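FYI, side chains are in, hydrogens and waters are out, and symmetry mates aren't considered; it's all heavy atoms of this structure. No experiment lies behind these values; they were computed from the predicted model shown.
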Amino acid sequence: MTTDGFTTCLWFDGQAEEAAHHYVSIFKNSSIGKIARYPEGALQAAGSVMTVEFTANGHRFLGLNGGPQFKFTEATSFMIFCENQEEIDYYWSRLTENGGEPGPCGWLKDRFGVSWQVVPDRLSDMISDPDPAKASRVTQAFMAMGKFDIATLEKAYAGE
């Protein structure tokens with residue numbers, strides 16, 4: 001096995017290249033790589049995109065146009081840890097635009113059906129605080145949210 005880590009393969013129904021360009025437009029440290037096309041006699045139309053390699057936020061992906069057999073579910077999601085509200089607002093807006101769906105507790109689906117969690121980077125520390133009252137207040141606050149509001153979470157953590 002190579003030492004370059006893992007590549008995540010995302011199965012699309014004809015939207016792999018569009019999705020790759022979308023993700024590359026959102027995240028820093030991103031680029032499009034090799035694009036392979038279906039040959040004559042394949043399961044998809046000759047010349048259509050079979051796979052597209054891309055990097056988003058430094059993570060390697062392979063978009064595969066495999067057909068309609070498989071769909072994305074919330075059982076797999078990508079977490080984006082954000083330093084501030086501006087980052088949360090940016091990623092939430094960009095990933096829900098043009099048909100994405102906001103969900104509860106920082107979760108959303110983008111227009112391709114891929115699930116994301118847009119999370120304050122401090123949330124893990126707050127909900128695992130040794131003071132159970134602090135952790136409980138933060139948990140109750142975020143369970144009532146769609147997009148996370150850091151100021152509200154900080155107030156709950158402080159007991160305000």
Side-chain angles (χ1 to χ4, degrees), residues 2-35 51-65 70-160:
T2 67
T3 58
D4 290 339
F6 295 101
T7 298
T8 301
C9 180
L10 299 174
W11 179 296
F12 294 93
D13 184 14
Q15 301 170 309
E17 186 174 18
E18 178 186 350
H21 284 283
H22 180 62
Y23 300 138
V24 166
S25 77
I26 294 172
F27 296 100
K28 295 176 183 176
N29 192 20
S30 301
S31 62
I32 301 290
K34 296 176 187 173
I35 297 175
T51 62
V52 57
E53 296 175 10
F54 66 100
T55 301
N57 198 33
H59 184 89
R60 294 181 322 189
F61 291 89
L62 178 80
L64 167 68
N65 281 327
F70 300 111
K71 305 285 183 208
F72 297 110
T73 75
E74 292 84 354
T76 301
S77 62
F78 295 98
M79 296 180 77
I80 304 168
F81 292 97
C82 300
E83 289 184 30
N84 54 49
Q85 192 66 45
E86 182 181 13
E87 284 186 358
I88 287 175
D89 294 346
Y90 169 78
Y91 289 116
W92 191 270
S93 172
R94 290 299 312 273
L95 290 166
T96 58
E97 70 187 5
N98 298 320
E101 300 174 17
C105 305
W107 290 62
L108 63 89
K109 283 187 192 176
D110 67 26
R111 67 184 188 220
F112 305 102
V114 175
S115 291
W116 299 85
Q117 296 179 59
V118 183
V119 181
D121 59 4
R122 224 172 93 59
L123 182 64
S124 179
D125 290 338
M126 287 193 254
I127 63 174
S128 62
D129 192 286
D131 180 340
K134 287 182 175 182
S136 177
R137 288 191 306 265
V138 172
T139 301
Q140 289 176 10
F142 85 68
M143 294 295 281
M145 294 179 183
K147 178 177 70 172
F148 281 123
D149 179 325
I150 293 176
T152 300
L153 293 172
E154 291 287 353
K155 286 179 183 176
Y157 187 70
E160 296 175 14

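- One distance of note links CD1 of I127 with CD of Q140; it measures 13.0 Å at 0.5 Å rounding.
- One finds the CG atom of L123 at 8.5 Å from the CZ atom of F81 (value rounded to the nearest 0.5 Å).
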Working for side-chain contact (heavy atoms from CB on, under 4.5 Å), residues Y23 and V114: CA-CA 11 Å; Y23 300 138; V114 175; 3.4 Å; yes

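- Residue E160 qualifies as enclosed at atom CD: its count of foreign heavy atoms under 6.0 Å is above 12.
- K134 has its side chain out of reach of V138: every pair of non-hydrogen atoms, C-beta onward, lies at least 4.5 Å apart.
- Listed here is the closest heavy atom pair of F54 and G63: CE2-N, 4.0 Å.
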Can you check side-chain contact (heavy atoms from CB on, under 4.5 Å) on E18 and F12, steps first, answer last? CA-CA 10 Å; E18 178 186 350; F12 294 93; over 6 Å; no

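- A donor-acceptor pair is defined here as one N or O able to donate and one able to accept, closer than 3.5 Å; no such pair exists between the side chain of S77 and the backbone of E74.
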Test log, rule ring-ring contact (aromatic ring centres under 6.0 Å, His included), inputs F61 and F78: CA-CA 12 Å; F61 291 89; F78 295 98; 5.4 Å; yes

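- T152 places no side-chain N or O within donor-acceptor distance of the main-chain N or O of I150, the cut-off being under 3.5 Å.
- Nearest approach of S115 to T76, heavy atoms of both residues: CB-O, 3.6 Å.
- Residues H22 and E97 have side chains in contact (heavy-atom distance under 4.5 Å, counting atoms from C-beta outward).
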Residues R137, K155; criterion side-chain contact (heavy atoms from CB on, under 4.5 Å); working and verdict: CA-CA 9 Å; R137 288 191 306 265; K155 286 179 183 176; over 6 Å; no

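- In this structure, I80 CD1 and Y90 OH are separated by 9.5 Å, a value rounded to the nearest 0.5 Å.
- Interatomic distance, R122 CZ to N84 CG, rounded to the nearest 0.5 Å: 13.5 Å.
- Closest of all the heavy-atom pairs between L62 and T51 is CD1-CB, 3.7 Å.
- Side-chain atoms of S30 come within 3.5 Å of backbone N or O of N57 as a donor-acceptor pair.
- The environment of E83 atom CD is sparse: at most 12 non-hydrogen atoms of other residues, nucleotides or ligands sit within 6.0 angstrom.
- Between F27 and Y91, the angle of the ring planes stays under 30°, which puts this pair in the parallel group of the 30/60° scheme.
- Nearest heavy atom pair, residue E101 against residue T96, reads C-CG2, 4.2 Å.
- A distance of 5.5 Å separates CE of M126 from CG of L153, quoted to the nearest 0.5 Å.
- Side chain of D13 to backbone of N65: no donor-acceptor contact under 3.5 angstrom is found.
- H59 NE2 to T8 OG1: the interatomic distance, rounded to the nearest 0.5 Å, is 2.5 Å.
- Between D129 and A135 the shortest heavy-atom distance is O-CB, 4.2 Å.
- Remark: the backbone N or O of P132 is not paired with any side-chain donor or acceptor of S136 at under 3.5 angstrom.
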V118 vs F148, side-chain contact (heavy atoms from CB on, under 4.5 Å): CA-CA, chis, key distance, verdict: CA-CA 8 Å; V118 183; F148 281 123; over 6 Å; no

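- The pair D89-K147 counts as a salt bridge, with a side-chain nitrogen and a carboxylate oxygen less than 4.0 angstrom apart.
- In this structure the side chain of F72 never reaches within 4.5 angstrom of the side chain of K109, judged on heavy atoms.
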